[in-house]
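Everything on this sheet refers to the single structure shown next.
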Amino acid sequence: MGKSSDIKLITDGKRIDGRKPNELRPVKIKAGVLERADGSAYVEVGGTHAIAAVYGPRTLHPRHLVNAQKAVLRTKYDMAPFSVDDRKRPGPDRRSIEISKVTREALEPVIFLEQYKKTGIDVFIEILQSDGGTRVAGITAASVALADAGIAMRDLVAACAAGKVDDTVVLDLCGKEDNFGQADMPIAYAPNEDKITLLQMDGDFTEEEFETALKYALDGTKRIYELQKKALKERYEKNE
Ligand code: CDP
């Protein structure tokens, strides 16, 4: 979060990209985009583009990680070096390790891991283009990729962020809003289960702003959820 005075983010009630406060950027979701993976998905949220690949359930290596009661879910979030203006140094860093962890925790509650004892399920998320909200786009993509891999799930997880810019609560921050805004709260939500599986917060909200941001984010995830289901249906119809 930068200083809000650095750049004017709201003009006449409109945001820098012309959106209303509770408007999502254009969202595109496609299931089944990679041939080699067991399941895959591509997600665009405005200028943020993410791809997810799922491998498994499969034999887990190294063997000491095997759990006799359930599958082990492993997640890897990565930002491509060319995904941001300044080249991102390739390889894991503190941020990507943290995002990989919260992504795993956001997805685990909806997967019937106990149905796949002693196996591993690997989820790879690659951010191809980054303009804010990459962790939530990654979770949205990973969830569709898991379903595309045919893995038994209680629900899909849809994710988006809400935040605050120029003292206004907004949905789905773009990169500039994220950089120069006052707060950013990514949320992952399983609508059928009515379960929030990720809630992080950077910056400050008043209690009232938090309530509005939560409402915006949950509404946003419900819209994304519909597009996730549509993408899976389209994939299924195509293969009939
Ligand atoms: O992407 P997300 O909002 O989930 O995570 P963040 O850590 O709040 O990063 C916000 C944004 O900062 C990213 O989406 C990128 O646009 C930008 N960023 C960057 O330009 N270079 C990095 N090494 C990391 C982030």
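Both counts, for ligands and for their atoms, begin at 1 and track the order of listing.
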Original post:
Should Arg135 be counted as touching ligand 1, given the test is an N or O pair under 3.5 Å?
Top reply: yes
Original post:
What do you reckon, does Asn179 have a nitrogen or oxygen under 3.5 Å from a nitrogen or oxygen of ligand 1?
Top reply: no
Subject >> Single-linkage hydrophobic cluster, 4.5 Å side-chain cutoff, Phe205 and Val136 together >> reply: no
**OP:** Out of Ser96, Ser130, Gly163, indicate the one that has the non-hydrogen atom closest to atom 15 (C) of ligand 1.
**Re:** Ser130
**OP:** Check Arg15 against Leu171 and note the closest heavy-atom contact, atom names and distance.
**Re:** NH2-O, 2.7 Å
**OP:** Please determine if Arg104 and Glu108 form a salt bridge, counting it only when a charged side-chain N lies under 4.0 Å from a carboxylate O.
**Re:** yes
Original post:
Backbone, side chain, both or neither: what part of Asp178 comes under 4.0 angstrom of ligand 1, heavy atoms only?
Top reply: side chain
Original post:
By number and element, which atoms of ligand 1 are closer than 4.0 Å to a non-hydrogen atom of Val84?
Top reply: 19 (C), 20 (O), 21 (N)
**OP:** For ligand 1, find out whether one of its N or O atoms is nearer than 3.5 Å to an N or O atom of Gly133.
**Re:** yes
Original post:
Would you say the side chains of Glu98 and Gln200 form a donor-acceptor pair under 3.5 Å?
Top reply: yes
Subject >> Basic-acidic side-chain contact under 4.0 Å: Asp17, Arg25 >> reply: no
Subject >> Nitrogen or oxygen of Ile99 less than 3.5 angstrom from that of ligand 1 >> reply: no
Original post:
Which distance, rounded to the nearest 0.5 Å, do you find between the CD1 of Ile99 and the OH of Tyr77?
Top reply: 4.0 Å
**OP:** Mark up the atoms of ligand 1 that fall under 4.0 Å of a heavy atom belonging to Met79, in ascending order.
**Re:** 21 (N), 22 (C), 24 (C)
